[in-house]
Amino acid sequence: MGRAPALTSAVQGQPGSCSKTPSQYKNEKVQFPGPKEPQDVPPPLRLASFPRVPEFTCQVPGCCQVFAALEDYQHHYNMLHGNACSLCSRAFPSGHLLDAHILEWHDSLFQILAERQDMYQCLIEGCPEKFKTSRDRKDHMVRFHLYPADFRFDKPKTSRGPATRGSDADLSTAALGDEGDAMEVCSEPAAAPPAPRTYIHRVPSTICFGQGASRGFKSTQKRNKHH
Amino acid sequence: MWTRQPRRPGLMACGVEELRRRRREREAALRKARREQQLVSKRLLREDDPEEAGGESSATVLGEAEVQEFLRLAQRGTEEKEREKALVNLRRGLQHPETQQIFIRLEGSMRTLVGLLTSNRALLQLEAARCLHELSHSEQSVVAEACLPATSYLLTYLSGHSSDFIELCLYTLGNLIVESEVVRQQLLPQGIVSALVACIQSPHVAVLEALGYALSQLLQAKEAPEKIIPSILDSLLPQHMLRLMQPGPKLNPGVAVEFAWCLHYIICSQVNNALLITHGALSTLGLLLLDLAGAVQRTEEAGLELLACPVLRCLSNLLTDVAVEAVGGQMQLKDERILAALFILFQFFLQKQPSLLPEGLWLLNNLTASSPTLCTSLLSLDLIEPLLQLLPLSNVVSVLVLTVLCNVAEKGPAYCRQLWPGPLLPCLLNTLALSDTEVVGQSLELLQLLFLYRPEVDFWPLALLFSPAQTPLVSPYFLLPCSPNYGCFSGLDWASLA
């Protein structure tokens with residue numbers, strides 16, 4: 001006597017047929033109290049109009065941008081001082097790119113090794129490829145990773161940048177970036193006269209803003225004072 | 001859908017298909033509404049402009065000259081405030097589809113915007129990103145494709161520190177992913193998977209929710225099973241997703257819901273579900289289900305019930321995967337607390353979300369189909385009666401309940417002994433009297449199993465069923481006392497009766 005076997009049925013919803021009610025909880029986004037991070041701006045401040053505070057300037061030496069709202073300053077700090085090279089004041093969007101920059105621009109050992117083996121690593125995290133020259137790497141990124149040929153965080157080293165031997169390059173001209181160089185941190189007050197600048201060599205005290213101090217080799221660290 | 005014995009097409013109960021069609025329509029409407037609400041919630045998040053709050057945000061469409069002027073000012077203005085204001089005006093204008101079209105047709109416009117996105121002025125960067133976000137809202141793929149030059153930077157910024165900015169980039173990427181396959185084809189080689197892996201380690205809830213959104217859009221792409229899901233399974237994303245779904249004090253419901261749906265899409269694709277099992281998906285999902293039951297029992301309004309649907313689906317689908325069976329996946333879910341949790345959820349669904357009852361019953365079906373242990377638990381925990389109480393609710397639910405009972409009965413005489421008689425008899429009498437062919441068919445199937453294993457029982461009360469109205473469906477021979485001598489069960493295939 002035939003009988004159907006036990007039903008091991010499965011309703012396999014096709015991806016397109018999955019119902020979802022994201023908008024319901026999206027609306028109630030505020031109701032889910034997330035884990036509070038100490039540096040988070042509390043929600044009421046974000047939703048209401050910003051209380052006007054007296055203007056304040058960025059505390060990082062060499063940076064003179066002015067802010068009237070805490071959130072603006074937080075964003076500025078994260079973007080421009082979070083991963084900054086202390087040797088040439090270039091800012092990078094991530095620690096990975098900063099690491100690559102320091103290695104390739106400010107490490108003389110790197111230059112020596114690069115003559116013998118492939119040292120230029122692909123800038124995409126997770127891609128293990130290495131190349132003999134930065135041009136080869138750029139070709140790889142353009143052809144394989146479909147990156148733009150003028151990717152702003154893969155500039156070839158220019159003569160304008162500080163030399164790798166730690167000579168006293170003119171940091172002021174390096175800091176006054178042109179329009180096209182995305183990575184320079186602002187340090188130009190528009191009305192400053194082009195007076196000769198003095199150079200002060202100083203080993204900095206351990207300044208840490210808690211969200212990523214700028215990094216570099218301490219022995220060649222310089223500061224530029226505008227006073 | 002459920003794979004059943006082959007039957008004539010015209011008689012397929014349309015309840016399930018109807019549900020599916022309605023769900024698809026709702027999903028499409030929700031996605032559209034979600035995008036529009038995205039617009040609203042983004043504006044709300046940045047209420048720093050009194051003009052905007054005052055309702056002037058419904059600005060007029062910008063003309064080509066105005067767009068050019070704003071771009072010029074933003075790029076070359078001397079005053080910081082002036083440059084910002086220009087970008088803010090551009091952003092407001094880009095809320096209109098016509099302005100979007102004008103913008104993308106203007107030569108050099110995207111190049112300028114990308115230049116601002118990567119400039120050394122943080123606030124200009126933010127405004128430029130918001131302009132891109134407005135563009136990503138467009139429902140026209142040509143606008144999304146015009147944003148291609150910016151994607152490499154959006155991905156690069158995902159590894160940064162500014163959580164607001166990352167959140168914005170993620171939502172923008174998510175919107176672009178939905179709109180255009182060309183964009184997806186570019187994002188994969190650009191390293192979106194490794195960027196997401198870096199990002200999923202962020203402690204910020206808003207970032208994680210945004211990431212869940214972007215990832216779920218990526219996983220719903222039509223080419224996902226072949227092109228996207230394999231690289232996601234190769235990465236650390238599944239482990240992180242499961243980590244974020246671990247029940248406990250650190251569980252964030254909004255984040256967990258997003259990733260539960262992501263997991264569902266991955267499981268549906270059936271690319272490599274055994275790998276998910278080795279990462280502990282079954283135990284995580286099982287524990288989450290227990291947690292959900294606990295939460296609804298405590299009547300906490302924490303939004304945890306939104307997790308119910310994706311978790312139920314994930315579990316059910318994982319249990320049916322052939323590869324999972326091969327690694328003994330079902331063995332991991334023998335804990336009878338799962339059954340208790342399910343029934344607690346049934347009570348909750350009855351009151352709050354009846355549409356989820358079929359989902360829960362479907363999981364119960366899959367659990368009982370291959371596990372005699374759980375069938376025993378079902379009987380020993382006295383869950384048959386609560387199950388029978390669900391019968392009158394709807395045809396879909398009835399079929400599922402009867403299928404579960406069939407699964408139990410099929411396990412052997414000992415199980416049938418516990419099922420019959422008892423409250424089962426009056427319920428079956430009711431179901432056999434219904435007009436829905438699928439329900440009646442399933443009831444007959446159950447009866448057939450009971451007759452098979454308990455031939456000595458007196459089934460005469462079923463003669464009450466014989467009524468002229470039912471003649472075409474129920475053969476009178478069926479109602480004779482079952483005994484092998486009568487041979488009335490030879491080839492009793494209910495499908496052939498209908």
Side-chain angles (χ1 to χ4, degrees), chain A residues 1-4 6-29 31-32 34-35 37 46-50 69 72 75-76 78-80 82 91 93-94 96 124-127 144-148 151-153 177 182-186 211-212, chain B residues 1-3 5 20 23-24 26-27 30 33-34 37 44-45 47-48 118-120 122-123 125-126 149 152 156-157 159-162 164-165 186 189-191 194 198 203 205 220 252-254 257 261 264-265 268 303 306 313 316-317 320 362 365-366 369-370 403 406-407 410 448 489-491:
Chain A
M1 184 190 74
R3 190 194 59 76
L7 295 165
T8 56
S9 60
V11 181
Q12 304 248 8
Q14 294 307 306
S17 71
C18 303
S19 74
K20 188 169 172 178
T21 55
S23 54
Q24 288 174 20
Y25 68 85
K26 264 286 175 267
N27 269 336
E28 297 157 3
K29 200 165 156 172
Q31 286 184 21
F32 296 128
E37 308 299 331
R46 291 170 79 197
L47 289 177
S49 55
F50 285 119
D72 294 345
H75 179 65
H76 160 86
N78 282 327
M79 295 303 294
L80 292 177
S94 69
H96 177 74
I124 311 254
E125 273 186 276
C127 179
F144 191 75
H145 292 297
L146 307 184
Y147 261 57
F151 187 59
R152 290 180 180 236
F153 303 113
M183 297 176 287
E184 306 298 352
V185 174
C186 145
Q211 292 181 350
Chain B
M1 286 314 287
W2 303 304
T3 46
Q5 312 159 30
R20 216 205 221 155
R23 256 182 233 154
R24 261 188 234 124
R26 225 181 347 178
E27 160 75 347
L30 276 169
R34 180 189 196 149
Q37 278 170 359
L44 280 172
L45 275 175
E47 282 273 8
D48 55 350
T118 55
S119 73
N120 59 3
L123 297 180
Q125 265 186 357
L126 198 49
S152 58
T156 309
Y157 287 137
S159 315
H161 287 311
S162 176
D164 286 347
F165 196 67
Q186 174 161 296
Q190 281 184 341
S194 44
V205 169
Q220 289 178 82
N252 183 283
V257 175
W261 281 107
H264 170 58
Y265 300 137
C268 272
L306 285 164
R313 288 191 188 193
S316 309
N317 279 332
T320 61
W362 160 37
N365 170 63
N366 288 356
S370 48
T403 315
C406 284
N407 288 343
E410 183 261 339
Q448 189 184 1
F489 294 102
S490 56

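Everything numeric here is computed off the predicted structure, so don't read it as measured data. Chain identifiers are assigned alphabetically (A, B, ...) following the order of the sequence lines, protein sequences preceding nucleic acid strands; residue numbering begins at 1 within each chain. Side-chain atoms are counted along with the backbone in the values below, which use heavy atoms only and exclude waters and symmetry mates.
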- Note on the structure: Interatomic distance, CZ@A:Arg152 vs CG@B:Asn120, rounded to 0.5 Å, equals 10.5 Å
- Query: Taking the side chain as C-beta and beyond, is there a heavy-atom pair between B:Ser152 and A:Pro148 under 4.5 Å?
  - Reply: yes
- Message: Is A:Ile124 in contact with chain B via its backbone, its side chain, both, or neither, using a 4.5 Å heavy-atom distance?
- Response: side chain
- chain A contacts, top residue of B:Ala198, B:Ser194, B:Pro149 (heavy-atom pairs, under 4.5 Å): B:Ser194
- Query: Looking at CG of A:Asp72 and CG of B:Leu126, how far apart are the two atoms once the value is rounded to the nearest 0.5 Å?
  - Reply: 7.5 Å
- Could you check whether the rings of B:Phe165 and A:His75 sit parallel, tilted or perpendicular, using 30° and 60° as the cut-offs? tilted
- Message: Could you check whether any side-chain heavy atom of B:Thr156 comes within less than 4.5 Å of a side-chain heavy atom of A:Tyr147, counting everything from C-beta outward?
- Response: yes
- Item | Portion of A:His96 that has a non-hydrogen atom of chain B nearer than 4.5 angstrom | neither
- Determine yes or no for a side-chain-to-main-chain donor-acceptor pair under 3.5 angstrom, with B:His161 supplying the side chain and A:Met79 the backbone. no
- Message: Looking at every non-hydrogen atom in both residues, tell me the closest pair between A:His145 and B:Pro189 and how far apart they are.
- Response: ND1-O, 2.6 Å
